[in-house]
Amino acid sequence: MPLSELVRSGTLRTPSYVYDLDAIAAEARELHQGFGSEAHLVAFAVKANSAGPVVRTLAAEGCGADVVSGAELDVAIACGVAPSSIVYNGVAKRDDEIDKALGVGILAIQIESVEEIGRVAARARALGLDRRAQISLRINPAVDFDALETHANIATGHDEAKFGIAQEDLPRALEIIRGAPEVRLVGLGHHIGSQIPTVQAYRTAARTLFSLAAAFAGNGSLRDKLLFLDTGGGFGIDYGAGRPPRPREFVQAALEERKLCELADIPLLVEPGRSLVGSHGMLISRVVQAKSSSVRGTTRRWLMIDAGMNDLIRPALYQARHRVVPLDTNGASADFTATLWRVVGPVCESSDDFGVHALPDTAPTYVALLDAGAYGFTMSNQYNGRALPDEVFLRGGQVVAVSRAKSQDDWVADRIAIGR
Ligand code: LLP
């Protein structure tokens, strides 16, 4: 059924995220194929899209999970991801979250500072675990910031980032691990940033990681214990400005580098979020008001839509551009005369702005903001007393699930209930 029909029938209210579960499954299959016959783990970064149907779909395709909170860990496990396929990143994991991860026995807690090793060891001791707590070291490969070619707010692998253990601190970390019988080092990894547009920066960082792994794990006993090497996620997607390499090309570069370092016997783990889901979700919105005004002899035109920066914050936060396309012609002929409209949301902030787009001169009734399947709903909020957007899940072209999240009425009730 065409999306405009779903809107008219009321199945799809606006604003609503719509996801294509078949395309998400196909994305996972293609990535697995990129590994050929190599042992590997694709740990889906749940922060990109934590909806049950999405996580269940990826779990069914053999994906593990990369989580960053106890809550994401709960979602992953409840959606069928085996604990032995889960890694847990994050610079400030709370004790109760570490306890949860240790209790279910995940593949590895990714250690982000030398100091964290002692805390995980202490929690393992306090819990009286009958097995060693599995940890991996997230290394900060100090990649050249400019080489990453991504937005500053989503670059994580340069040496001023809060993430990971600096290379110079690695010997100290290994020393502490040697003296901590409660923990077992099972992996080394990094994640250099997100929306990486070329393979080169990924390859260079992978080379750094594997060289370190070869130097430290070398021939010693450490090497036998390593269950994985983790080159993170970050594979860029096409937001309309050009097609980055496919995720499997990033993986192939990492596999080549791993082989050059003679570590091909250690399985490769990757942590993609955006590339599995980003292109397979869109945000559907209704045009509330078209506005034109004359300023010094020129006409300015705005399309005010019912989706705002609270629903999709990426443009406001990273100057990201999501293509906006009409869902209907509103009576205009299909080969419409395009007009440049500035598409904006209802939130009282100037940054609630989705950019200028060529849309029919006769404003459409509904528009779709494309490539919103990653970091869309998961970053939404109720600023300005707004509802959280609905989510609609399609399989075989049919609606298989609908989520009606917090409404405006819920927001009103929550706010006034405080202190009552
Ligand atoms: N692993 C770690 C440790 C991460 O921090 C992230 C993302 C990923 C994996 C997944 O990266 P991906 O494959 O999705 O690029 N909200 C931003 C993106 C933030 C990414 C945070 N970390 C955006 O909307 O562009």
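Both counts, for ligands and for their atoms, begin at 1 and track the order of listing. Just so we're clear, the structure is a prediction, and the values are computed from it rather than from any experiment. When reading the values below, keep in mind they use all heavy atoms of this one structure, side chains included, and skip hydrogens, waters and symmetry mates.
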Q. Any idea which atoms of ligand 1 are less than 4.0 Å away from a heavy-atom of Tyr318?
A. 16 (N), 17 (C), 23 (C), 24 (O), 25 (O)

Q) Can you list the atoms of ligand 1 that are under 4.0 Å from a heavy atom of Gly233? A) 13 (O)

Q: Please indicate whether Arg243 has more than 12 foreign heavy atoms, meaning atoms of other residues, nucleotides or ligands, lying under 6.0 Å from its CZ.
A: no

**Q.** Heteroatom distance test (Gly234, ligand 1): nitrogen or oxygen, under 3.5 angstrom
**A.** yes

Q | Proximal ligand 1 atoms for Asn89, defined as those under 4.0 Å from one of its heavy atoms | A | 3 (C)

Q) Is the Tyr239 ring parallel, tilted or perpendicular to the His322 ring (thresholds 30°, 60°)? A) perpendicular

**Q.** Pro171 backbone acceptor or donor facing Glu175 side chain under 3.5 Å
**A.** no

Q | Straight-line distance of Leu255 CG to His40 NE2, nearest 0.5 Å | A | 9.5 Å

Q.
Under a 4.0 angstrom heavy-atom cut-off, which atoms of ligand 1 come close to Met379?
A. 16 (N)

Q: Just let me know how Arg314 lines up against ligand 1, side chain, backbone, both or neither, with a heavy-atom cut-off below 4.0 Å.
A: side chain

Q: Measure the distances from the heavy atoms of Pro272 to every atom of ligand 1 and state whether one is below 4.0 angstrom.
A: yes

**Q.** Among Leu209, Thr208, Asn140, side-chain contact (heavy atoms from CB on, under 4.5 Å) partner for Gln167
**A.** Thr208

Q) How about Glu5: does its CD atom have over 12 heavy atoms from other parts shown lying under 6.0 Å from it? A) yes

**Q.** Test item: Gln134 side-chain N/O and Arg184 main-chain N/O as donor-acceptor pair under 3.5 Å
**A.** no

Q) Taking the six-membered ring of Trp302, is the NZ or CZ of Arg342 close enough (under 6.0 Å from the centre) and on axis enough (within 45°)? A) no

Q. Is the shortest N/O to N/O distance between Glu271 and ligand 1 below 3.5 Å?
A. yes

Q.
Under 4.0 Å from a heavy atom of Asp66: which atoms of ligand 1 are those, numbered in the order shown and with their elements?
A. 1 (N), 2 (C), 9 (C)

Q.
Any atom of ligand 1 sitting under 4.0 Å from a heavy atom of Gln110?
A. no

Q. Among Ser275, Gly376, Ser194, whose heavy atom sits nearest atom 12 (P) of ligand 1?
A. Ser194

Q: Would you tell me whether Tyr366 and Thr14 have side-chain atoms, one donor and one acceptor, within less than 3.5 Å of each other?
A: no

**Q.** Ligand-residue contact atoms, ligand 1 with Arg138, heavy atoms, under 4.0 Å
**A.** 3 (C)

(Q) Test your reading of the structure: does Gly273 have an N or O sitting under 3.5 Å from an N or O of ligand 1? (A) yes

